[in-house]
Amino acid sequence: MANCSAAAERCFFQVAIAIPLDRLFDYLPPSDYLAETVKPGVRVLVPFGKGRKVGLLMAICSDSAVDNTRLKAVEQILDDEPILSGPDICFLQWISHYYHYPLGEVLANALPTALRQGKPARLDSQTSYVLSELGSVTPMEQLKRAPKQQALLNLFHNHGGAISSTALSAFKPALQTLLAKGFLQPISTVPINDNPGTGTHLIANPEQQIAINTISAALGHFSVFLLEGVTGSGKTEVYMQVISAALAKGLQVLVLLPEISLTPQLELRFRQRFSAPIVTFHSKLSDKQRLGAWLSIQRGTANIMLGTRSAFFTPLAKPGLIILDEEHDTSFKQQEGLRFSARDAAIARGKHLGIPVLLGSATPSLESLFNVGRQRYQLLPLSTRAGNASEPVLQLLDIRNKKMQSGLSEQLLALIQDTLAQNQQVLLFINRRGYAPVQICHGCGWVARCRYCDANMVIHAAERRLRCHHCGSEQPLTPLCPACNTGELQALGMGTERIEQTLTQVFADKKLVRLDKDTTKRKGALEDYLQCIRDGDADIILGTQMLAKGHHFPNVTLVAILDIDSSLFSIDYRAEEKLAQLIIQVAGRAGRADMPGRVILQTRHPQHPLLLTLLNRGYRAYAQAALAERIQAQLPPYTHQALFRAEANNITAPQLFLTALSGLINRHNSQGISVFGPVSAPMARRAGQFRFQLLLQSRSRKDLHQVLDQILAGLGELKEARSIKWSLDVDPVDLY
DNA sequence: AGCACGCCGACT
DNA sequence: GTCGGCGTGCTC
C-alpha cells in the first residue's frame, strides 16, 4: 500500500466543517496515513483556526486550490468505517443546495451530538431487565392503581425475556418503581434483540388491503403514497402491515411523527406487533441514548426507527420505507437553523434512495392534495371508520349578542352540564394560555406592553406576573396603573387559566385538567395528564392546540373550540388551512361507536364560507375551494416562495440590507421572479430586534433557485449585511 | 460560529 | 495611565 504523504503523487483531504461557510477545507493527510485505508464519510479531527474541530471527510483528491504551504495536516481519523454512506452524503449535499445552507452545518444536523463532538462511534453494552421471581408471581391487579407500572409489568409478562433499557426509555419512572419494589432485576448484556412482538395482524378491510398491497408492491423503488384516512379508519394497521412487508425483505423503516408525546403509544403498539428491534429517536433522549439509537439503525442492528423531525437524517443501513404520519402538521418544518421541511425532504430522500414514501393524514395538506392532482403522489383512501363508529357532528354556535361567561356562551355551558351529567368527558380548546391576553386600565386606557416586542403582556394570575409570550420577559403584577396611578386595572380577553377558574367555579364537583405549555413544563407531566384522562379521572379537559395532536379520548363526547374567529381573518394565508385541519382533527379525538362525538364551534361569523363548506361538504370540499383560491391569488402550491428575513437592534439596518438585496436580485433576475418588500414582519419588533422580510416568488421552482444561487454567492460581500442578522427560508410555512 | 486583532471611553 | 467595548476579518 502506498504511503501517500511520502509518495510522489500528493493527496489532499477535503473536509466539511460545521461553520456557516458553504465551502470545504483542504488538509494534508495525517502523518501515518496509508492510502486506501480511509474512505470518504469518516470523521476527522482537524486543526482549525486556533482550536480543533471535528469534520467529515468528503473526498480525497490529488490537488488543492489552496497554497500548499498554508495547509495543515489532519490530526486524527476518528472512524474505521464511514459513518455516512455515499448515497447519504449525496442526499445531504442535495439538502445543502436546496435549502442554501452550508454543507458542514447540514452534516452536523444529521449526526447525533456525541458523534459531532468526536466521541467514538461505539455501541455500549447496555443494561437489560428481566422479571424477578417476585415480579413473575405478582398478580397484575395489585398494580391497577398504577397503570404505567401495570403496563410495564404486562410488557415483561408477554415478552418472557430480557428487555433492554433503551427499549424501555418511555417507561423510565415506572421502571425505577418496579425495580425498587423488586419486581424487576437488571442484567448486563451485549445489545439484545427486544422481542416481545406477537406478529398477529388484524384482518384488513378492502380499502386497507388495497393500500397494503399497493405500498408493499412498491418496495424497492421510489414512489409517494398519500394515505388519507379519518381517525379510527385504521391507518396504523396499514403502517404495521406495510412495515411487516418491508421487514420480511430485510429492509428498515423510518417512521416520523410530529410530536414526541405521540411516540410512546405507537412504540407500544409496534413492540406488541413486531419481533424486530425498534428504536426511538427524539430530543428528550440523552446524548448517549441518541447515539445508541442512531448507530443501531446506521449499522442495521435495529430495523425500525420511530421518531420526530430530529430523527429524519438518521442513515439507514438497509433503506426500505419512510412513513410520515400526520403529514399536514407544520411541526415537520424546522423553524430555525436548517429550515427544512421533513415532509418535503422525505420525498427527496425517497427519490435519492429509491424507496417508497408513505404520507398519512386525515386532513392532508393542500400541497399533498395538489401533488395527488398532478399525479405525483398516489392517493390511497380509507373512508370506513372501524367498528361502525359514526361521524362526529360538527355544529356552529352563533355567539353574536349572546351572554358570555369567560368566553363560554350559556348554551355551551348548558351542553357541558348535560354531558357531565351523563358521566361523559368534555374537551375544550382555546389557543391562548395564561389568564388573559391583555391588561388594560379602565381609567386611562393604558395597556401593558412588552418592552422588547410589539406585543401585549399576558396576565398569569396564579403566579401574579405579566409575561411576554414572544421573548419571555416578565414583571410582577402591580395593583395600580403605572400611567395614572389608579387601581382600575382590568383583565381583557380569555386564556386557559381564566377559563379554568370559571369552570372550576361553575362545575365545582367535577375534575378539570388543564393542558398547556405552563401546566406541562415538568418532564413527563403531559404523559401523566393524558393517562389520567384516558383513565377517566378527568371530567373536563381544557387546553391549547397541543391537545389536538393524535391523542384519542373515547369517553369524550363533547368538544368545543372557543376562539375560531381569530383564525378566520388572519393575515397568514395558511391560517384557514390550519383551522380547517384543527376542526377535523379535533372532531376525530372524540367519541366511539356507541357514543358519537359532538363538536361545537363558537363563532361570530356563522356565515363564513370556510365554516359552511367544511361543515356541509367536508374537508375535501374545503381543500378544493382553498386550492382554487390559491390559484387565484398565485400562492403556493401553485407558486414557490423563498423568504429573506433580516433583523437588527435598529430599525434602519435591516431595511437597508433588504433594499440592497432587492437591488442585487433585480440585477440577476432575467427569469422575472417576483420580489415583494422589504416589509416589516407581522411582529415588527421582537426581543428588542427590528425585523423585516423580503419575499421572492415564482411559478418556476427552477427559476427561483437559479436566482438564489446567483445572489447568494455575492451576498457575503454586501456591506449592508455586516450590521444585521439575516436568514433565508426556502418554502416558508410561516411568514412571521 | 468562534476567536483574535484593533482602535476609542470610564475606571482600579 | 489601563480594562474592555464590539466592528472587522479569517479560518484549509
Side-chain angles (χ1 to χ4, degrees), chain A residues 4-5 9-33 35 38 40-78 89 92-93 95-96 99-118 287 313 334-340 452 644-657 660 687-690 712-729:
Chain A
C4 173
S5 53
E9 49 179 312
R10 296 176 58 80
C11 68
F12 302 93
F13 281 22
Q14 292 198 313
V15 178
I17 292 168
I19 50 165
L21 292 173
D22 200 7
R23 66 178 121 125
L24 301 176
F25 290 85
D26 293 354
Y27 284 87
L28 301 169
S31 50
D32 56 352
Y33 169 68
V38 174
V42 298
R43 290 172 303 151
V44 289
L45 188 66
V46 293
F48 190 79
K50 236 215 141 191
R52 41 159 70 98
K53 280 197 180 293
V54 175
L56 199 84
L57 177 62
M58 300 303 292
I60 300 175
C61 20
S62 55
D63 56 55
S64 166
V66 182
D67 173 11
N68 290 8
T69 59
R70 285 178 53 216
L71 294 182
K72 298 176 183 171
V74 168
E75 250 169 61
Q76 200 188 336
I77 299 192
L78 295 170
I89 292 174
L92 293 168
Q93 278 172 322
I95 289 283
S96 165
Y99 288 106
H100 296 93
Y101 203 70
L103 179 61
E105 303 233 69
V106 171
L107 290 163
N109 270 272
L111 300 183
T113 317
L115 293 183
R116 241 170 17 228
Q117 292 167 342
D287 289 348
F313 290 110
Q334 186 149 305
Q335 293 292 17
E336 61 222 354
L338 171 55
R339 301 174 134 88
F340 75 107
Y452 310 103
F644 279 98
R645 296 189 176 87
E647 62 176 48
N649 59 10
N650 66 84
I651 197 164
T652 48
Q655 288 171 282
L656 287 175
F657 167 73
Q689 300 291 302
F690 293 86
L712 283 166
L715 214 160
E717 277 86 75
L718 222 58
K719 67 176 190 304
E720 289 88 349
R722 284 199 295 238
S723 53
I724 57 109
K725 225 174 97 186
W726 67 269
S727 64
L728 169 62
D729 195 343

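Note on naming: letters A, B, ... go to the chains in the order of the sequence lines (proteins, then strands), and numbering restarts at 1 for each one. Both backbone and side-chain heavy atoms feed into the values below; hydrogens, waters and symmetry mates do not. In this text the structure is predicted, and so the values were computed from the model without any measurement.
- The backbone N or O of P112(A) lies less than 3.5 Å from no partner atom in the side chain of R116(A), so there is not a single donor-acceptor pair.
- For dA4(B), the OP1/OP2 oxygens have a side-chain nitrogen or oxygen of K50(A) closer than 4.0 Å.
- Contact annotation: the side chain of L56(A) never approaches that of V15(A) to less than 4.5 Å [non-hydrogen atoms, C-beta and beyond].
- The separation between W726(A) atom CH2 and dA1(B) atom P is 11 Å, rounded to whole Å.
- Separating the CG atom of L56(A) from the C1' atom of dC12(C) is a distance of 16 Å, rounded to the nearest angstrom.
- Across the protein-nucleic acid pair, E105(A) atom CD and dT11(C) atom P stand 18 Å apart, rounded to whole Å.
- Of the residues in residues 17-27 of chain A, those placing a heavy atom less than 4.0 Å from an atom of DNA chain B are I19(A), P20(A), in numerical order.
- Using a 4.0 Å cut-off, no side-chain N or O of R722(A) falls inside it from OP1 or OP2 of dG7(C).
- Within the 3.5 Å criterion, the main-chain N or O of L103(A) finds a donor-acceptor partner in the side chain of D22(A).
- Rounded to whole Å, atom P of dG2(B) lies 13 Å from atom NZ of K725(A).
- With sequence neighbours left out, Y27(A) forms a ring-ring contact (aromatic ring centres under 6.0 Å, His included) with no residue at all.
- Between F25(A) and F48(A), the ring planes lie perpendicular to each other; the angle is over 60°, past the 30° to 60° tilted range.
- Between F313(A) and F340(A), the two ring planes are tilted [angle within 30° to 60°].
- Residue K719(A) contributes atom NZ, which lies 18 Å from atom C1' of dG9(C) at whole-angstrom precision.
- Protein atom CG of D67(A) is 11 Å distant from nucleotide atom P of dT11(C), rounded to whole Å.
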